[in-house]
Amino acid sequence: MIEQVKGTKNISGEDSLKFLYLKDLFHSNFSQNGYNYVQTPILEYKNLFNKSIGESSEIVTKQMYELIDKGGRELVLRPEGTASIVRYHSEFNKDTTNKYSYFGPMFRYENPQKNRYREFNQAGLEIIGLIDIFTDFQIINDSFNFIQKLIPGTQLKINTIGSIKDRENYIKVLHNYFLDNKSDLSPESLEKLDNNTLRILDSNNDIDSGVINNAPNISDYINTESKNNFDSLLKLLSSINIGYKIDNSLVRGLDYYNDLTFEFHTPDNIVIGGGGRYDNLSNILSLGNFKGVGVAFGLERIMDNINAPVSEKKCYLLGSNIENIVKYSKLLDDHNIHYCKPSRLSKENSQFKEANNLNVTYLINTNEDTIKNLLTKETMDFDIRVLNEN
RNA sequence: GUGAUCGUAGCUCAGUUUGGUUAGAGCGCCUGGUUGUGGUCCAGGAGGUCGCGGGUUCAAAUCCCGUCGGUCACCCCA
């Protein structure tokens, strides 16, 4: 028996309905709001990510699906979407400002568990170019509306981590503070002390909670302009009744963020999406000098929190005489009526059962030229108008 | 990368503790009949490298080792 590759998933059954529903909703919603759908390659050069996400981050050091192709290229299966969109923007739309949406699989080499797979799907938005606080606002506003429709009660958590410079200063202060309190930190946090200081703040180990609670607060190290921008953004959000919760420990896993960071949490406190501002990413990648802000959603996590839409299968074509059923089939095709039919000319009883399991409304019996409404249990002579009316 | 736990028919599972005939059940599937209050019911049938590979034994689904995969947690993150 050949088993499935570890951490991959087949989207089937109810999940298929959810997935297709999400895909449709995402595309129609955001293309109508001016976001251009871009499908970038799943394969990218490794360099795109170890520069952008940050060489010290675990995504880069341990979690990339790497491969060397026959031409000796160092490739990876993309672990996230933003860097690819930034690359696309610099190649084809540099010096313009654009809105993008993307939707597709991402890959991270890590041990699977609940809400975490090696292959998973993300849907995201990016606005790249010359941008300002109104840009930040609309990314949050548009994605908030989208996710609220799907999962009411989703909470917005928001933070500002200041400029890159502020962050460097803050990390120094934080580093010194943690050094002084080294003895009270968990072993896991100690490992992060030198190369990933900020993420110690994210620790949910009880051992760390005391030290973290008394740690210097990032808001004291943020420049005035960033602070003012953040305050204006919060005011804008409040003015249209978007609720939020400020969370100073929200630093997110990717190095390229500055100022704005935010996440969406379900009522059960599952992170289903997040994003932020990345004014330096283009510089880090030597792709130019433009700013960006974006958001990404984890589709499997959303699927886990919504109900499957009802599938509408209306009609079943039953028959055991091949000439008859082919004739009806052609008639329905010509009228553009959707219908299900048996895979082969099986027992009539089996076809009845299948029709019932599919929850169709109408059963066309080609053996006797009748149509039956399975809801009302009425049988009548076949008449195509019955189907056209509905 | 670490740890816990699981893997027997398409699905849900029994059998593993204490090794011993041709490995079972329910659901589903197929065939024939029945049924027009059409989905029921009756009879029969197909379907299993017991995840995979080694080992121990006269004998392994059962014991041992390894490995792959599922689930969950840590790490990390969507």
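The chains referred to below are lettered A, B, ... by the order of the sequence lines, with proteins before strands, and numbering in each begins at 1. Side-chain atoms are counted along with the backbone in the values below, which use heavy atoms only and exclude waters and symmetry mates. Keep in mind the model is a prediction, meaning the values are calculated, not measured.
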Trainee: What nucleic acid atoms does N357(A) come within less than 4.0 Å of, heavy atoms only: base, sugar-phosphate, or nothing?
Mentor: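 Nothing: the residue N357(A), judged by heavy atoms under 4.0 Å, touches no strand.
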
Trainee: Counting the atoms with a prime plus P, OP1 and OP2 as sugar-phosphate, which does Y117(A) contact under 4.0 Å by heavy atoms, base, sugar-phosphate, or nothing?
Mentor: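 Here Y117(A) touches the bases of the nucleic acid.
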
Trainee: In whole angstrom, give the distance that lies between atom CD of E348(A) and atom P of rG32(B).
Mentor: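 These atoms are roughly 12 Å apart.
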
Trainee: Before accepting this row, confirm whether a basic side-chain N of the pair D231(A)/K235(A) lies closer than 4.0 Å to the acidic partner's carboxylate O.
Mentor: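 No, this pair does not count.
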
Trainee: Using the C1' atoms only, state how far rC52(B) lies from rU8(B), rounded to an integer number of Å.
Mentor: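 Comparing C1' positions in rU8(B) and rC52(B) gives a spacing of 14 Å.
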
Trainee: Which part of the nucleic acid, if any, lies within reach of Q351(A) when heavy atoms closer than 4.0 Å are counted: base, sugar-phosphate only, or nothing?
Mentor: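 Q351(A): no heavy atom of the nucleic acid under 4.0 Å.
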
Trainee: Mind checking if Q4(A) touches a base, just sugar-phosphate, or nothing, with heavy atoms under 4.0 Å?
Mentor: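 It contacts sugar-phosphate atoms only.
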
Trainee: Looking at rG1(B), does its base get a donor-acceptor pair with the side chain of Q63(A) below 3.5 Å?
Mentor: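 No such pair is found, so the answer is no.
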
Trainee: Using atom NZ of K347(A) as one end and atom C1' of rG38(B) as the other, report the distance to the nearest whole Å.
Mentor: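 Taking atom C1' of rG38(B) as the reference, NZ of K347(A) is at 13 Å.
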
Trainee: May I ask you to say what G13(A) touches in the nucleic acid, namely base, sugar-phosphate or nothing, with a heavy-atom cut-off under 4.0 Å?
Mentor: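 If one applies the 4.0 Å heavy-atom cut-off, G13(A) turns out to touch nothing in the nucleic acid.
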
Trainee: Tell me the interatomic distance from M380(A), atom CE, to rG36(B), atom P, rounded to whole angstroms.
Mentor: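 One finds 21 Å between P of rG36(B) and CE of M380(A), rounded.
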
Trainee: Take the protein atom CZ of F352(A) and the nucleotide atom C1' of rG36(B), then report the distance between them rounded to whole Å.
Mentor: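 That distance rounds to 8 Å.
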
Trainee: For rU71(B) versus rU35(B), give the span between their P atoms, rounded off to a whole number of Å.
Mentor: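 Per the computed distance, 49 Å lies between those P atoms.
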
Trainee: rA59(B) pairs with which nucleotide, Watson-Crick or G-U wobble, both distances below 3.5 Å?
Mentor: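 Its partner: none found.
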
Trainee: On RNA chain B, check which nucleotide each of E119(A) and T8(A) is closest to and give me the residue with the more 5' one.
Mentor: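 Final value for this comparison: T8(A).
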
Trainee: Between rG38(B) atom P and L363(A) atom CG, what is the distance in whole Å?
Mentor: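 Taking CG of L363(A) and P of rG38(B), I get 11 Å after rounding.
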
Trainee: Do you know the tightest heavy-atom contact between R116(A) and N111(A)?
Mentor: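 Scanning both residues, the minimum pair turns out to be NH2-O, 3.2 Å.
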
Trainee: Rounded to the nearest Å, what distance is computed from the NZ atom of residue K114(A) to the P atom of nucleotide rC74(B)?
Mentor: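 So the NZ-P distance, K114(A) to rC74(B), works out to 13 Å.
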
Trainee: Does the pair K9(A)/E300(A) count as a salt bridge with the N-to-O cut at 4.0 Å?
Mentor: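 No, this pair does not count.
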
Trainee: Is the shortest side-chain N to carboxylate O distance from R277(A) to D279(A) below 4.0 Å?
Mentor: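 Salt bridge present between R277(A) and D279(A).
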
Trainee: Show the nearest heavy-atom pair for residues I127(A) and K99(A), with the distance to one decimal.
Mentor: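 Taking I127(A) first and K99(A) second, the nearest heavy atoms are CG1-CG, 3.9 Å.
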
Trainee: When only distance counts, do a donor and an acceptor, one from the side chain of R344(A) and one from the base of rC30(B), lie under 3.5 Å apart?
Mentor: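 Such a pair does not exist between side chain and base.
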
Trainee: rG24(B) and rA61(B): how far apart are their P atoms, nearest whole angstrom?
Mentor: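 Looking at atom P only, rG24(B) and rA61(B) are 13 Å apart.
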
Trainee: Please determine whether a side-chain nitrogen of the Lys or Arg among E168(A) and K172(A) lies less than 4.0 Å from a carboxylate oxygen of the Asp or Glu.
Mentor: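 No salt bridge links E168(A) with K172(A).
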
Trainee: Check for me: is F297(A) stacked on rA78(B) by the 5.5 Å centroid and 30° plane-angle rule?
Mentor: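 Here the ring of F297(A) and the base of rA78(B) are not stacked, as the 5.5 Å and 30° limits are not both satisfied.
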
Trainee: Once you apply the 3.5 Å cut-off to both distances, tell me the Watson-Crick or G-U wobble partner of rC29(B), or none.
Mentor: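 Its partner is rG45(B).
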
Trainee: Give a yes/no on whether any side-chain N or O of Q113(A) is located under 4.0 angstrom from OP1 or OP2 of rA73(B).
Mentor: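 Yes, because at least one side-chain N or O of Q113(A) sits under 4.0 Å from OP1 or OP2 of rA73(B).
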
Trainee: Using the P atom as the reference point in each nucleotide, state the distance between rC74(B) and rA14(B) in Å, no decimals.
Mentor: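 Comparing P positions in rC74(B) and rA14(B) gives a spacing of 28 Å.
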
Trainee: For rU40(B), give its Watson-Crick or G-U wobble partner with both distances under 3.5 Å, or none.
Mentor: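 WC or wobble partner does not exist here.
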
Trainee: From CZ of R116(A) over to C1' of rU71(B), roughly how many Å is that when rounded to an integer?
Mentor: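 Answer to the nearest Å: 13 Å.
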
Trainee: What's the gap between rC27(B) and rC63(B) when it is taken at their C1' atoms, as a whole Å value?
Mentor: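 Those two atoms are separated by 33 Å.
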
Trainee: Roughly how many Å apart are rA9(B) and rG15(B), using the P atom of each and rounding to a whole number?
Mentor: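 The same atom, P, in both gives a distance of 15 Å.
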
Trainee: Of R118(A) and K372(A), whose closest RNA chain B nucleotide lies nearer the 5' terminus?
Mentor: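 Nearest-nucleotide comparison on RNA chain B picks K372(A).
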
Trainee: Under 4.0 angstrom, heavy atoms only, what part of the nucleic acid is N111(A) near: base, sugar-phosphate, or nothing?
Mentor: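 Contact class for N111(A): base.
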
Trainee: Say we look at rC6(B) and rU12(B): how far apart would their C1' atoms be, to the nearest angstrom?
Mentor: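 My reading of the C1' atoms in rC6(B) and rU12(B) gives 15 Å.
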
Trainee: Under a 3.5 Å limit for both distances, which nucleotide forms a Watson-Crick or G-U wobble pair with rA73(B), could you say?
Mentor: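 Across any shown strand, rA73(B) pairs with rU2(B).
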
Trainee: What is the base-pairing partner of rG66(B), counting Watson-Crick and G-U wobble geometry with both distances under 3.5 Å?
Mentor: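 The base-pairing partner of rG66(B), which may sit in any strand shown, is rC52(B).
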
Trainee: To the nearest angstrom, how far is K6(A) atom NZ from rU67(B) atom C1'?
Mentor: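 The answer, rounded to whole Å, is 11 Å.
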
Trainee: Considering only the C1' atoms, how many Å lie between rC50(B) and rU62(B), rounded to the nearest integer?
Mentor: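 My reading of the C1' atoms in rC50(B) and rU62(B) gives 10 Å.
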
Trainee: Mark yes or no: R118(A) above the aromatic ring of Y109(A), with NZ or CZ under 6.0 Å from the six-membered ring centre and no more than 45 degrees from the axis.
Mentor: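 Flagged: R118(A) positioned over aromatic ring of Y109(A).
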
Trainee: Could you tell me whether the phosphate oxygens of rC29(B), OP1 or OP2, come under 4.0 Å of any side-chain nitrogen or oxygen in S350(A)?
Mentor: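 Result: no.
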
